[in-house]
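Chain identifiers are assigned alphabetically (A, B, ...) following the order of the sequence lines, protein sequences preceding nucleic acid strands; residue numbering begins at 1 within each chain. Computation of the quantities below employed the complete heavy-atom set of this structure, encompassing side-chain atoms and omitting hydrogens, waters and symmetry-equivalent molecules. Not measured: the values here are computed from a predicted model.
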Amino acid sequence: MQKNGYLDYKEIIAEKVGTVLVETGLEKEALYALIEYPPDEKLGDLALPCFQLSKLLKKAPNVIAQELAGQIDPTPYFAAVKATGPYLNFFLAPEFLVKTVLEKIVTDGANYGSRTIGGGQNIVIDFSAPNIAKPFHVGHLCSTVIGNALYKIFEFLGYNCIGINHLGDWGTQFGKLITAYKKWGSAEAVEKGLIKELMHLYVKFHTEAEQDPSLEDEAREWFWKIENGDEEALALWRWFKEISLEEFQRVYDLLEISFDSMAGESFYNDKIDAVIEELKAKQLLEESEGAAIVNLDDYGMPPCLILKKDGSTLYATRDIAAALYRKKTYQFVKALYVTGAAQSLHFKQWFKVVELMGYEWAKDLVHVPFGLVSLKGEKLSTRKGRVVLLEDLLKTAIEKTLAIINEKNPGLLQKEEVAQMVGVGAVVFGALSVNRIKDVTFSWEEALNFEGETGPYLQYTHARACSILRKAGLTPGADITFVPDKLNEPAALRVVKMLYLFPEKVLSAANEYEPSIISRYLIELAHSFNGFYHECQVLVDDRDLQQARLVLVWAVKTVLATGLGLLGIKAPEQM
RNA sequence: GCGUCUGUAGCUCAGCUGGAUAGAGCAACGGACUUCUAAUCCGUAGGCCGCAGGUUCGAAUCCUGCCAGACGCGCCA
């Protein structure tokens, strides 16, 4: 693994201990994996539990710890190496830590934490993917912001990301919509109500269809017409799509998210026949109950449906066609699909089909699932009209932020811009702060909470740091020199230790496709900084002390901004 | 019925590739603004880590079974 020059204490410890234990033939990697962070800072900063070594050395763990403590030369990295029972505990030498970490951050600036491990290779990230003619609601938030964060994180690690918005712009729902439009809609009403009117028609279709099932047949017929090039049907389809895209764009503008490709489902229509032919040629297709399937019994999965009995395609077919196209077009080393966990089986199935087609890169297809968003414990449902529009949520968050600014900092310039950054940041952070896989119940109260572990908390911390730097007249990018020994208070050292962890956290977030690792980390970093802020006055008479503290403040500000950036959140200088 | 995921403080969650006394935030209570932004900080209280077995020197973490919830299981995506 390429270290990109980051200080790595685990590696140092593995090296030192490995040298002492060289006769045992123990691999340094094995030692590295054993090293952990103690639960209490009083015990030390890093620890090597000696239980497992005990088997190898045939000695009691506490004896091993004791002996190792005597044989390891701590300088210049450690202030002390102590055995505490069966643990070998390492206490970091403050000067070395402070000097190495802060100088690295000063040198790297906004690139601190980045790496070159991606080597410019392509990663395709399929995310957001709202359905045309349906509202962009809070249920789409997760895919959109998780995908965007992964995009930024992998770019930061040296990959070239291709963000694809696989729009739901095809399928039977358009038949339903056209049916509803013909029966109860009008051009005027749609022009006026836009997506809300389309949604209204869609909801009406479903309520009416419960009484009159023949509507479903009519809808299928209209979709058949779309697929077979009927001009009237296609024109309506294009119109609905246009209206939807304009509305989606407003949300993406608020979030400041963009895509490299907007190739939705319809884009693959002319690429599907070839896939069917290939599946046939490879003898993977079977006929079952009139439909064409790929049997997956051998893999403990239900069959993957490829064609309906009327010959039209299904989404697995489309996904396979899209994957083949993307591999050919982008030569990806990884393709991520950020969608709800409910689709896990679907992805497992078609990934397997791609593998059975003989493509070794099937292993590079990754489903990144996330939990279900519900509303007061009930499922979101476009059909029943039970949704919270994302645009409404963002707008409300921005309004609330503006109100808070007017109350707390009425003299602030560019209130609107800041309110947007903070309001949107609160919503985005809310979606990124917990493990992807957790189901969430949307609540206005929680989404609009700006205190505690929230986006605004991080932004506020950043703004405070900026404020100190502004008052001190320290300009970013300036040649910053400082006396590391001056940062010797526990509160300051805690902050430096948090800064040290950033590169490691970014890497974990990428490896686990889990932006919340960065979210949690930033909360801890901000918390340690706020503790320092309260305990230590930065602008003091002692020039060396002030300078050292300013560098720390600058480093925190920089890492907070970088981390927030990776999550797709802005870091205002004032708020 | 089968499968996947989730279950940790009143609420929302970290911790889950096994390690030292299980951590945060919110809510509650009590403190800290003449000093760099109190959207902050400090403290108090709050836990059969769903239940029961097993593996291990050691289990919130791994295995098995059970319970509860969510989701999925052929012509929607």
Reading RNA chain B from 5' onward, which residue's closest nucleotide shows up sooner: A:P456 or A:L34?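 Closest to the 5' end, via its nearest nucleotide, is A:L34.
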Using whole Å, what does the distance between atom [atom2] of nucleotide [N] and atom [atom1] of [X] come to?
X: A:D297; N: B:G3; atom1: CG; atom2: P; result: 15 Å
X: A:L305; N: B:A77; atom1: CG; atom2: P; result: 10 Å
X: A:F347; N: B:U4; atom1: CZ; atom2: C1'; result: 15 Å
X: A:N131; N: B:C76; atom1: CG; atom2: P; result: 15 Å
X: A:Q52; N: B:U17; atom1: CD; atom2: C1'; result: 12 Å
X: A:Y457; N: B:A39; atom1: OH; atom2: P; result: 12 Å
X: A:Q349; N: B:G72; atom1: CD; atom2: C1'; result: 10 Å
X: A:Y533; N: B:C36; atom1: OH; atom2: P; result: 7 Å

When all nucleic acid strands are considered with a 4.0 Å heavy-atom cut-off, which category describes [X]: base, sugar-phosphate, or nothing?
X: A:A129; value: nothing
X: A:E535; value: nothing
X: A:K55; value: base
X: A:E524; value: nothing
X: A:S344; value: nothing
X: A:K471; value: sugar-phosphate
X: A:I306; value: nothing
X: A:N295; value: nothing
X: A:E451; value: sugar-phosphate
X: A:C466; value: nothing
X: A:I437; value: sugar-phosphate
X: A:V422; value: base
X: A:A291; value: base
X: A:L372; value: sugar-phosphate

Could you give the distance separating [M] and [N] at their [atom1] atoms, to the nearest angstrom?
N: B:G25; M: B:A9; atom1: P; result: 16 Å
N: B:G18; M: B:C62; atom1: C1'; result: 7 Å
N: B:A60; M: B:G74; atom1: P; result: 40 Å
N: B:A39; M: B:G47; atom1: P; result: 32 Å
N: B:U8; M: B:G1; atom1: P; result: 24 Å
N: B:A24; M: B:C41; atom1: C1'; result: 15 Å

Could you work out which one of [options] sits closest to the side chain of [X]?
X: A:P38; options: B:A70, B:U21, B:A20; value: B:A20
X: A:F51; options: B:C76, B:C57, B:A39; value: B:C57
X: A:Y315; options: B:A20, B:A77, B:A39; value: B:A77
X: A:I404; options: B:A39, B:C75, B:A77; value: B:A39
X: A:E289; options: B:G74, B:C36, B:U12; value: B:G74
X: A:S288; options: B:G25, B:U6, B:G74; value: B:G74
X: A:K379; options: B:A39, B:C71, B:U40; value: B:C71
X: A:V434; options: B:G74, B:A70, B:C13; value: B:C13
X: A:T84; options: B:G74, B:C41, B:A20; value: B:A20
X: A:I468; options: B:G72, B:U40, B:C36; value: B:C36

State whether [X] places a side-chain N or O below 4.0 Å from either non-bridging phosphate oxygen (OP1 or OP2) of [N].
X: A:K438; N: B:A70; value: no
X: A:K408; N: B:A39; value: yes
X: A:N435; N: B:A14; value: yes
X: A:H346; N: B:U4; value: no
X: A:R464; N: B:A38; value: yes

Does the pair [X]/[Y] count as a salt bridge with the N-to-O cut at 4.0 Å?
X: A:D310; Y: A:K308; result: no
X: A:K28; Y: A:E11; result: no
X: A:R494; Y: A:E41; result: yes
X: A:E514; Y: A:R520; result: no

Examine the side chains of A:D8 and A:Y32 and answer whether a donor and an acceptor come within less than 3.5 Å of each other.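 Result is yes, a qualifying pair exists.
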Nucleotide paired to B:C41 in any strand shown, Watson-Crick or G-U, under 3.5 Å: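 In the structure as shown, B:C41 has B:G31 as its Watson-Crick or wobble partner.
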Is the Lys NZ or Arg CZ of A:K176 less than 6.0 Å from the centre of A:F205's six-membered ring, within 45° of the axis? no
Closest contact, heavy atoms only, A:P135 versus A:M199: CG-SD, 3.1 Å
Aromatic contact, A:F351 with A:H367 (centres under 6.0 Å):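 Not under 6.0 Å, so no.
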Does the base of B:A27 carry an N or O that pairs as donor and acceptor with the side chain of A:N449 under 3.5 Å? no
Does A:T454 contact B:G25 through a side-chain donor or acceptor facing the base, at a distance under 3.5 Å?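 Side chain to base: no pair present.
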Any side-chain heavy-atom pair from A:L564 and A:K570 closer than 4.5 angstrom? no
Under the rule syn = chi within 90° of 0, otherwise anti, which is B:C41? anti
